Amino acid sequence: ISKQYQDRDLNEADTRHQVIDPIIHDVLCWPRNRVSVEEYVAPGYADYILKRSDDAPILCLEAKKEGTYFNLPITFTNGNLCTYIKVKTLLTDNSIKLALNQVRTYCLDIGCDVGAITNGHEWVFFKTFQKEGDWKNLNAFVVCNLSYFAEKYIEAHNYLSFIGISEQASLRKLLMDKSF
């Protein structure tokens with residue numbers, strides 16, 4: 001992703017077009033026919049729904065404008081490109097809470113067990129429910145910096161690409177309970 005997009009605030013549409021779309025399609029190799037955008041899911045429209053070859057939803061992604069920074073705990077993110085943070089900790093930030101709850105509602109409505117939010121710079125991947133227990137006690141995988149996709153390209157691709165997620169269940173493995 002070009003440095004010019006890292007240095008200025010973009011509205012949501014520009015963030016999606018100039019930052020999120022290139023990551024999804026060019027970096028993570030999601031075929032365009034496996035990504036549904038602005039799909040109606042009660043009570044609104046899901047920004048992205050990433051799907052398997054049989055059209056089953058794998059991941060629902062909510063995009064926020066580039067200037068909407070999530071307040072991530074500095075003790076986890078200081079110098080890290082990615083980390084695990086408890087969902088209940090993330091929910092203490094109002095911007096994150098609103099976005100997580102929004103995408104979680106979409107996920108529960110369409111039967112998708114993994115949601116994600118991003119403002120282009122930071123990405124949060126989380127399980128939307130826990131069969132035995134509270135989903136808020138689970139760890140979310142957090143990309144703390146956009147440079148993760150370049151500096152840890154192989155890791156990002158292995159965990160988050162179409163092939164990794166749809167054929168190797170890499171996202172489920174990534175979101176298994178990880179403790180620090």
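No hydrogens, no waters, no symmetry mates; every other heavy atom, side chains included, goes into these values. A quick note: this is a predicted structure, and the numbers were derived from the prediction, not measured.
- Both Ile23 and Ile154 belong to a single network of hydrophobic side chains, linked directly or stepwise wherever heavy atoms of I, L, V, M, F, W or Y lie under 4.5 Å apart.
- Residues Thr83 and Cys144 approach most closely at CG2-SG, 3.8 Å, considering heavy atoms.
- Taking CZ from Phe70 and OG from Ser95, the interatomic distance works out to 7.0 Å, rounded to the nearest 0.5 Å.
- Glu151 pairs by the salt bridge (charged side-chain N to carboxylate O under 4.0 Å, His left out) definition with nothing, not counting sequence neighbours.
- For Phe125, there are no ring-ring contact (aromatic ring centres under 6.0 Å, His included) partners at least two apart in sequence or on another chain.
- Taking the side-chain contact (heavy atoms from CB on, under 4.5 Å) definition, one finds that Asn33 meets it with Pro31, sequence neighbours left out.
- In this structure Lys88 satisfies the side-chain hydrogen bond (donor to acceptor under 3.5 Å, both in side chains) test together with Asn137, sequence neighbours excluded.
- Looking at every heavy atom in both residues, Ile85 comes nearest to Pro73 through CD1-CD, 3.9 Å.
- Under the 4.5 Å side-chain criterion, counting only non-hydrogen atoms from C-beta, Val124 is not in contact with Thr118.
- Partners of Val35 by side-chain contact (heavy atoms from CB on, under 4.5 Å), not counting sequence neighbours, listed by chain and number: Ile24, His25, Trp30, Val37, Tyr48, Leu50.
- Summarising the geometry, atom OH belonging to Tyr159 is positioned 5.5 Å from atom CG belonging to Leu174; distances are rounded to the nearest 0.5 Å.
- Residue pairs meeting the salt bridge (Lys or Arg N to Asp or Glu O under 4.0 Å) criterion with at least one member in residues 120-143, sequence neighbours excluded, do not occur.
- At a threshold of 4.5 Å between side-chain heavy atoms, the hydrophobic network of Ile, Leu, Val, Met, Phe, Trp and Tyr places Leu108 and Leu100 in two separate groups.
- Here the straight-line distance linking atom CZ of Phe126 with atom CG of Leu171 works out to 11.0 Å at 0.5 Å rounding.
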Under the side-chain contact (heavy atoms from CB on, under 4.5 Å) rule, what do Asn158 and Tyr153 come out as? Steps first, then yes or no, please.
CA-CA 8 Å; Asn158 287 344; Tyr153 172 78; over 6 Å; no

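- Of all heavy-atom pairs between Cys60 and Cys112, the closest is N-SG, 3.8 Å.
- Sorted by first then second residue, the salt bridge (Lys or Arg N to Asp or Glu O under 4.0 Å) pairs that include residues 90-117, not counting sequence neighbours, are Asp113-Arg172.
- A chain of hydrophobic side-chain contacts below 4.5 Å, direct or via other Ile, Leu, Val, Met, Phe, Trp or Tyr residues, connects Val27 to Leu146.
- Between atom CG of residue Leu72 and atom CG of residue Asn78 there is a gap of 12.0 Å, rounded to the nearest 0.5 Å.
- Summarising the geometry, atom NZ belonging to Lys51 is positioned 7.5 Å from atom CZ belonging to Arg34; distances are rounded to the nearest 0.5 Å.
- Side-chain atoms of Ser36 do not come within 3.5 Å of backbone N or O of Glu39 as any donor-acceptor pair.
- Taking 4.5 Å as the limit, some side-chain heavy atom of Val114 sits within range of a side-chain heavy atom of Leu175.
- Chaining together hydrophobic side chains whose heavy atoms lie under 4.5 Å apart places Tyr106 alongside Val41, Ile49, Ile110.
- The two atoms that bring Ala116 and Val103 nearest to each other are O-CG2, 3.8 Å, heavy atoms only.
- Looking only at distances, no side-chain donor or acceptor of Thr128 sits under 3.5 Å from a matching main-chain atom of Gly115.
- The distance from atom CG of Leu98 to atom CG of Leu91, rounded to the nearest 0.5 Å, is 10.0 Å.
- Taking Thr92 as the reference, nothing meets the side-chain contact (heavy atoms from CB on, under 4.5 Å) condition, with sequence neighbours excluded.
- Looking at heavy atoms from C-beta onward, Ser147 lies out of side-chain contact with Lys152 at the 4.5 angstrom threshold.
- Asp54 pairs by the side-chain hydrogen bond (donor to acceptor under 3.5 Å, both in side chains) definition with Arg52, not counting sequence neighbours.
- A search for ring-ring contact (aromatic ring centres under 6.0 Å, His included) contacts involving Phe129 returns nothing, not counting sequence neighbours.
- Scanning for ring-ring contact (aromatic ring centres under 6.0 Å, His included) contacts around Phe149 gives Trp123, with sequence neighbours left out.
- Closest non-hydrogen pair, Cys29 versus Phe162, comes out as O-CB, 3.7 Å.
- The two residues Asp47 and Leu61 have their closest heavy-atom pair at CB-O, 3.5 Å.
- Not one N or O on the side chain of Thr15 forms a donor-acceptor pair closer than 3.5 Å with the backbone of Lys65.
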